[in-house]
Structures are given as C-alpha cells and as structure tokens.
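In what follows, every heavy atom counts, from backbone to side chain, and hydrogens, waters and symmetry copies are set aside. If you read the sequence from its start, that first residue is 1, and numbering goes on from there.
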Amino acid sequence: MVRVGLIGFGLAGQAFHAPMIRGVEGMELACVLERHTNNAKARYPEVRIARSLDEMLSDKSINLVVVATPNDTHVSYTKAALEAGRHVVVDKPFTPTMKEAEQLIHLAAERNRLISVYQDRRWDGAFITVRKLIQSGGVGRVAEYEARFDRFRLDAKPGAWREVADFPAAGVLWDLGPHLIDGALVLFGEPESIYAATLCQRESAKVDDGFDVIMQYPRLRATLRARIIAYAPSHHLLIHGTEGSFVKYGMDPQEEILRSPKYPDGLDWGKDWGLEPEKQWGTLTRVNEAPRKIQTERGDYRGFYVNMRDAIEKGSPLDVPPEQALRTMRALILAHKSSREKRVVGWNETPE
C-alpha cells in the first residue's frame, strides 16, 4: 500500500490530486497538510489532518508526499520530504528556477527516492488520441502542430497568487505552459529553437495572461497558445501532415467534473469516466478522402498515480521521469527569455 501525504488543499489539492489518489487501488490518502482551514476534514472526515510538515512526516508509514502548494513553497517542501526519506510528486511548475530543479533531482538520486512532476494532461483523452494518430502515421509526416488553451475571464481572481506581480513563477506561461510544452516534448522531442511572446491583454493584468510559444524543429513547427480573452474558443488541437490534417475542438471533460460538486470519490468512477460525446470528437481529413470523425480515446488522470504506485511498489519506470521534468523547465525558462529579449533562442542556450 502506498500511503500518501498531500501538502496543500487549494484547487490543485482538492480537484487534481486528492480524487486521483483516492481513486487508485493500492493507494491511500493518509494525511492532508492544511495549515489554517478545515476543508479537507469537511470533505474527507476519515483522513488525518496535519497543521505542520513535521506533524505529517511524524507518520513513518507515509511513503509518498505530494506537493500541491503555491510555487514559492515547492522547493522547501520537496527538499524536506526527500530528506525525510519520502518519494515526492510536485505539482507543475516544478520549481521557479532551473538550478533549484537540478538540486532537487540530485537530492532525490542521492537519497534513492523517486521524484516526479504532475503532468496530468498526458492523460487527456485528446492527447492520447493525437499521440496514437501521429505514431500510426495517420497524417503522414507532421509539418505543423498547434495546441491551445482558450478561456474567458476579464478580471483577475481576488487573492490569486498566480496573478500577483513579482510572485515566483506567476503568470499563465508558468501555469498553463507546462502542460502544452510537455505535450510537444512528448510528441516531438527537443526542438532546435524557441520563440515566445507573453501577453497582458486584460486591463487588470499584472502578469502575463496569454502567450504564444513556437518550438521549431527540422521541417516541423509546434505552436502553443493560451488566451484568457477567448469567448468563442478556437480549436484545441490542430495537426497538418503530408497525408492529411486533424482538428479537435473542446477541452477534456475531466477537469470540469473534478472542479464541480459532483467530483468522483473512491475507486468506481463509472463506466463513462473520461469519455467524450461524439459531437466533440476530432475530424481527420486525409488526402483524397472524405473527412471523418475520430473517436476520442478515454482520458483518465488517475493514470499518473497508477504509474507512481507501480514505480514505488514494483520498480516500474516513471512515466514522467526527472529528466523530462528538467527539459520542460528548460523550455519554460527559454520561452520567458525569448519573450523578454524579443528574439529566437537556441535550445542549448543557458536557461536563465
């Protein structure tokens, strides 16, 4: 049994970690570190609540710690958990700096502990579908890939640390960029160069609330975008290849349910979990063929924690190993560098 201590019970802890942990056979949400509020106790009365990290770590049976806190505390909590001999999952973004990420990975290796960054969007149904489509040659050689996260919110969220100027790793590129960048890296590997532009489009914006990131490969361009003012969202995924094109509208249905009062709990999430209605399936148009709908694969964010359980108990390879976390960090920092200096930056430039 993998017994989990969850640090933080804001949006990330409530919606994207606790349900997944409780939804995986062989995992137990043993303790939640919630310093001042009682939201975790109200939702999960049987789960122990700790008010400090020392209190949580005093339970020696906890062997995995999940850090789902604001970005400025990722390093300190992760370091303490590793030093206490626990495996660690860190919510994205991993750390505010490349040096800190490297130090944590070195510490994990030194203590012979596992460390991984929570990249749940790899278990989006649409991403799984696109990955299979590309691997099978469904559009031929890919020449262009575009992924977008479009939202509509004209005002900043009151008290939201992600939207506070000078807060470590604030802004939407740090928030949504890890998802989109990780996806491109999984599909295509490391690019030759990156060009990025961060945007401040709302009147109230203190940090970037949109971005364009272009990852350039030989004969392939991956364009990653996020918008906060997009009332009628554009496509979510677009692929052009030598033998056809694929376009997909609409986001994965899991997030909306996980953030709602109808969030799942326990092991049985129903036979339809992660399935999209046919109207949301993407369209594949191959050369000289009529367009046809491609059924979206089932998505299930629990897949991340299934792999984490197996890595701890059986020694299975991590789906999100440290070296992949580092390359996502490199791309994020290079993207900020490109936007700041208004130029194309090479992949091998110093990330700073």
Assess whether side-chain contact (heavy atoms from CB on, under 4.5 Å) is satisfied between I229 and F152, documenting all intermediate values. CA-CA 5 Å; I229 302 180; F152 186 75; 4.1 Å; yes

Going only through I, L, V, M, F, W and Y residues with side-chain contacts under 4.5 Å, is there a path from L326 to W347? yes

Just by distance, no angles: are the side chains of T296 and E276 close enough, under 3.5 Å, to form a donor-acceptor pair? yes

Heavy atoms only: give me the nearest P168-D72 pair and the separation to one decimal. CG-CB, 3.7 Å

Give the cluster check for L33 versus V66: same hydrophobic cluster or not, with ILVMFWY residues linked at side-chain heavy-atom distances below 4.5 Å. no

Output every pair passing side-chain hydrogen bond (donor to acceptor under 3.5 Å, both in side chains) with a member in residues 214-225, not counting sequence neighbours, ordered by first then second residue. E146-R225, D212-R225, Q216-R221

Hey, does the side chain of K79 reach the backbone of L107 with a donor-acceptor pair shorter than 3.5 angstrom? no

Donor-acceptor pair between R121 and Y301 side chains, under 3.5 angstrom: yes

Does the distance from a Lys or Arg side-chain N to an Asp or Glu carboxylate O, for K92 and D175, drop under 4.0 Å? yes

Determine whether a donor-acceptor pair (N or O, by modelled atom type, separation under 3.5 Å) exists between the side chain of R148 and the backbone of S234. no

Backbone N/O of T198 and side chain of S339: donor-acceptor pair under 3.5 Å: yes

Mark yes when over 12 heavy atoms from residues, nucleotides or ligands other than K206 sit less than 6.0 Å from its NZ; otherwise mark no. no

Return yes if some donor-acceptor pair links the side-chain N/O of R302 with the main-chain N/O of L267 below 3.5 Å, else return no. yes

Enclosure of K132 NZ (heavy-atom neighbours >12, cutoff 6.0 Å): no

Do M308 and V89 touch side chain to side chain, with heavy atoms closer than 4.5 Å? yes

Roughly how far, to the nearest 0.5 Å, is CD of E163 from OG of S204? 7.0 Å

Is it the case that over 12 heavy atoms from other parts of the model lie below 6.0 angstrom from the CD atom of E256? no

Is E25 atom CD crowded by more than 12 heavy atoms from other residues, nucleotides or ligands, each under 6.0 Å away? no

Less than 4.5 Å apart, side chain to side chain, heavy atoms only: is that true for L57 and I62? no

Does some side-chain heavy atom of L237 sit less than 4.5 Å from a side-chain heavy atom of I239? no

Please report the C-alpha distance between D265 and Y44 in whole Å, then the side-chain angles of each, then the deciding distance to 0.1 Å, and finally whether the side-chain contact (heavy atoms from CB on, under 4.5 Å) criterion is met. CA-CA 10 Å; D265 191 29; Y44 305 122; 3.7 Å; yes

Check for me, please, whether V172 and M215 land in the same ILVMFWY cluster - side-chain distances under 4.5 Å, paths through other members count. yes

Does any non-hydrogen side-chain atom of R227 lie less than 4.5 Å from one of Q201? yes

Minimal non-hydrogen separation, E349 against R343, with atom names: OE1-NH2, 2.8 Å

Taking T129 for its side chain and G125 for its backbone only, find out whether a donor-acceptor pair lies under 3.5 Å. yes

Same hydrophobic cluster for F304 and L180, using side-chain heavy-atom links shorter than 4.5 Å among ILVMFWY? no

F94, M98: one ILVMFWY side-chain cluster at the under-4.5 Å cut-off? yes

Quick one: do N307 and L318 satisfy side-chain contact (heavy atoms from CB on, under 4.5 Å)? Show the steps, please. CA-CA 7 Å; N307 170 251; L318 286 172; 4.0 Å; yes

Side chain of K248, backbone of G250: donor and acceptor closer than 3.5 Å? yes

Ring centres under 6.0 Å, that's the criterion: do Y118 and F16 meet it? no

Shortest non-hydrogen contact from Y145 toward L220: N-CD1, 4.3 Å

So, does R48 use its side chain to make a donor-acceptor pair with the main chain of C31 at under 3.5 Å? no

What's the shortest heavy-atom distance between A15 and M20, and which atoms? O-CE, 3.5 Å

So, the side chain of H74 versus the backbone of V90: is there a donor-acceptor pair under 3.5 Å, distance only? no

Between N39 (side chain) and F9 (backbone), is there a donor-acceptor pair under 3.5 Å? no

Give me the atom names and distance for the closest heavy-atom approach of L82 to L114. CD2-O, 4.4 Å

Between L187 and R131, is there a side-chain heavy-atom distance shorter than 4.5 Å? yes

Do Q254 and D120 make a side-chain contact, defined as non-hydrogen atoms from C-beta onward lying under 4.5 Å apart? no

Is it true that R43 and E34 make a salt bridge, defined as a side-chain N closer than 4.0 Å to a carboxylate O? no

Is any side-chain heavy atom of L133 closer than 4.5 Å to one of L284? yes

Polar side-chain atom of D124 near backbone of A126 as donor-acceptor pair, under 3.5 Å: no

Is any side-chain heavy atom of T78 less than 4.5 Å from a side-chain heavy atom of I115? yes

Sole candidate of V4, V2, I21 that passes side-chain contact (heavy atoms from CB on, under 4.5 Å) when paired with R309: V2

Specify whether F149 and H179 have parallel, tilted or perpendicular ring planes, treating 30° as the upper limit for parallel and 60° as the lower limit for perpendicular. tilted

Could you report the tightest heavy-atom contact between A50 and M56, atom names first, then the distance? CB-N, 3.8 Å

